[in-house]
*Asks:* 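Input: one structure, supplied below.
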Amino acid sequence: VFVVVPMSFTMWCFRTLKLKWRGAPIDIDPVSHAARVQEVVDQVKDWDAAGRKQKMRTARPNWAAMSLKLGSNKLDSRQIRTHHLDRIIHLDEEAMTLRCEPAVKMGDITSLLMPKGYALLLQIEMEEITIGGLSMGLGMETNSHNVGWFQETIVEFEIVTAQSPPQVLRVTRESDPDLFYALPHSVGTLGFLGPDDLGLPDGCAAGGRWDAALAALLLLGESASPS
């Protein structure tokens, strides 16, 4: 209690101050998002040019992940920096979707949506969980009888592949159903995630969709009115 609670509060203060320093909660500039994605592409190109001698892993340290393991198992891997992909890109209040990059945390999304009366189709309680982990990791923290797993609320994935040269792919159910349904639970083995499109509840209607990769598009819906 005397260690974890103060540390959690400190992290919350840091995230709050970072969001306030940025100003607008949504980065609507497509050029800046493309530049952040290009940083990942360039790192994969360098790995390819060096002869692909190591496996690629994200450079996110173990202590920053939702895990009790503190030791690193990435020291012999080519570590790809993806922590800068932490912006919410677009809130579409007509299509009821939210597009955000994989390092965006649930606390950031809640802070944006709740004042507007929205929530995700599956609202995760843990503020430090990232969209990337929920989309391509196990994502088993929360599920729904109506919607299913969190991954089943995604409309589209955007990923950076390990091909030579690497490609940025936007994957939907229609464009590539095999890859689309293989990405959830793949824990990054099929590519580095970019934005996800996440779904919001539309009134009382059930169902949703999501988009994940270098950005995530999530379906949105109206949050319950306070009683």
Side-chain angles (χ1 to χ4, degrees), residues 33-34 36-50 52-87 89 99-106 108-109 122 124 126 128-142 149-173 175-198 210-218:
H33 168 65
R36 290 191 293 273
V37 172
Q38 188 60 44
E39 289 185 42
V40 178
V41 173
D42 291 341
Q43 293 177 77
V44 177
K45 285 182 177 179
D46 292 341
W47 166 81
D48 184 34
R52 301 178 168 231
K53 298 177 181 179
Q54 300 168 292
K55 295 180 179 179
M56 287 189 294
R57 303 282 298 276
T58 66
R60 188 185 189 193
N62 279 25
W63 63 263
M66 299 302 294
S67 172
L68 297 176
K69 183 177 181 179
L70 297 179
S72 176
N73 57 356
K74 300 182 178 182
L75 297 180
D76 59 348
S77 302
R78 183 65 171 260
Q79 297 184 36
I80 305 299
R81 299 182 304 279
T82 59
H83 63 274
H84 59 289
L85 293 169
D86 62 350
R87 304 296 207 282
I89 301 172
R99 184 171 180 80
C100 53
E101 294 172 338
V104 170
K105 298 181 178 181
M106 288 304 304
D108 303 333
I109 294 176
L122 263 67
I124 311 300
M126 301 173 69
E128 292 299 310
I129 294 287
T130 63
I131 293 302
L134 286 166
S135 301
M136 294 177 67
L138 297 181
M140 299 175 65
E141 289 80 2
T142 301
W149 299 110
F150 182 85
Q151 294 93 332
E152 294 176 273
T153 69
I154 295 184
V155 178
E156 178 184 291
F157 288 102
E158 183 181 338
I159 63 172
V160 175
T161 70
Q163 295 170 291
S164 182
Q167 299 182 26
V168 178
L169 302 179
R170 298 187 65 173
V171 185
T172 66
R173 290 182 178 89
S175 66
D176 192 336
D178 290 341
L179 181 56
F180 180 85
Y181 288 109
L183 284 170
H185 307 292
S186 65
V187 292
T189 57
L190 300 177
F192 288 103
L193 186 65
D196 285 345
D197 292 348
L198 309 178
W210 59 276
D211 164 3
L214 296 172
L217 177 57
L218 310 174

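All values below come from the heavy atoms of this structure, side chains included, with hydrogens, waters and symmetry mates left out.
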*Asks:* Between His33 and Glu101, which heavy-atom pair has the shortest distance, and what is it?
*Replies:*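 Shortest heavy-atom contact: ND1-OE2, 2.6 Å.
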*Asks:* Distance from Ile131 atom CD1 to Phe150 atom CZ, nearest 0.5 Å?
*Replies:* 4.0 Å
*Asks:* Does Asp108 have any side-chain contact (heavy atoms from CB on, under 4.5 Å) partners at least two apart in sequence or in another chain, and if so, which?
*Replies:*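 By the side-chain contact (heavy atoms from CB on, under 4.5 Å) rule, Asp108 matches Arg15, Leu19, Val104, Lys105.
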*Asks:* Working to the nearest 0.5 angstrom, can you tell me the gap between Met56 CE and Phe192 CZ?
*Replies:*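 One finds 4.5 Å between CE of Met56 and CZ of Phe192.
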*Asks:* May I ask you to test the Ile80-Val160 pair for a side-chain heavy-atom distance under 4.5 Å?
*Replies:* no
*Asks:* Within a strict 4.5 Å, meaning less than it, do heavy atoms of the Glu39 and Leu85 side chains meet?
*Replies:* no
*Asks:* So, for Arg78 and Ala50, which heavy atoms are closest and what is the spacing to 0.1 Å?
*Replies:*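 Closest approach of Arg78 to Ala50, heavy atoms only: NH1-CB, 4.0 Å.
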*Asks:* Looking at residues at least two apart in the chain, or sitting in another chain, which of them share a side-chain hydrogen bond (donor to acceptor under 3.5 Å, both in side chains) with Gln163?
*Replies:*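 Here the qualifying residues are Thr161, Gln167.
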*Asks:* Using the test salt bridge (charged side-chain N to carboxylate O under 4.0 Å, His left out), find all partners of Arg87 that sit at least two apart in sequence or belong to another chain.
*Replies:*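 Once residues adjacent in sequence are excluded, Arg87 has no partner under the salt bridge (charged side-chain N to carboxylate O under 4.0 Å, His left out) criterion.
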*Asks:* Go through it in stages, so that I can follow the logic: the residues are Ile159 and Leu179, the test is side-chain contact (heavy atoms from CB on, under 4.5 Å), and I'd like the CA-CA distance, side-chain angles, deciding distance and then a yes or no.
*Replies:* CA-CA 11 Å; Ile159 63 172; Leu179 181 56; 4.2 Å; yes
*Asks:* Do Pro102 and Thr82 have side chains that approach each other closer than 4.5 Å (heavy atoms only, starting at C-beta)?
*Replies:* no
*Asks:* Roughly how far, to the nearest 0.5 Å, is NZ of Lys74 from CD of Gln54?
*Replies:*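 Answer rounded to 0.5 Å: 13.5 Å.
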*Asks:* Please list, chain by chain and in numerical order, all residues satisfying side-chain hydrogen bond (donor to acceptor under 3.5 Å, both in side chains) with Thr189, sequence neighbours excluded.
*Replies:*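 If we apply the side-chain hydrogen bond (donor to acceptor under 3.5 Å, both in side chains) test to Thr189, skipping adjacent residues, there are no hits.
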*Asks:* Would you compute the distance between atom OG of Ser77 and atom NZ of Lys55 and round it to the nearest 0.5 angstrom?
*Replies:*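 Reported value, rounded in 0.5 Å steps: 7.5 Å.
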*Asks:* According to salt bridge (charged side-chain N to carboxylate O under 4.0 Å, His left out), who are the partners of Arg81, at least two apart in sequence or on a separate chain?
*Replies:* none
*Asks:* Once salt bridge (charged side-chain N to carboxylate O under 4.0 Å, His left out) is applied, do any residues pair with Asp48, and if so which ones, sequence neighbours excluded?
*Replies:*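 With neighbours one apart ignored, the set is Arg52.
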*Asks:* Atom OH in Tyr181, atom OG in Ser186: separation rounded to 0.5 Å?
*Replies:*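 With rounding to 0.5 Å, OH (Tyr181) is 15.0 Å from OG (Ser186).
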*Asks:* What distance separates Ser135 OG from Leu193 CG, expressed to the nearest 0.5 Å?
*Replies:* 5.5 Å
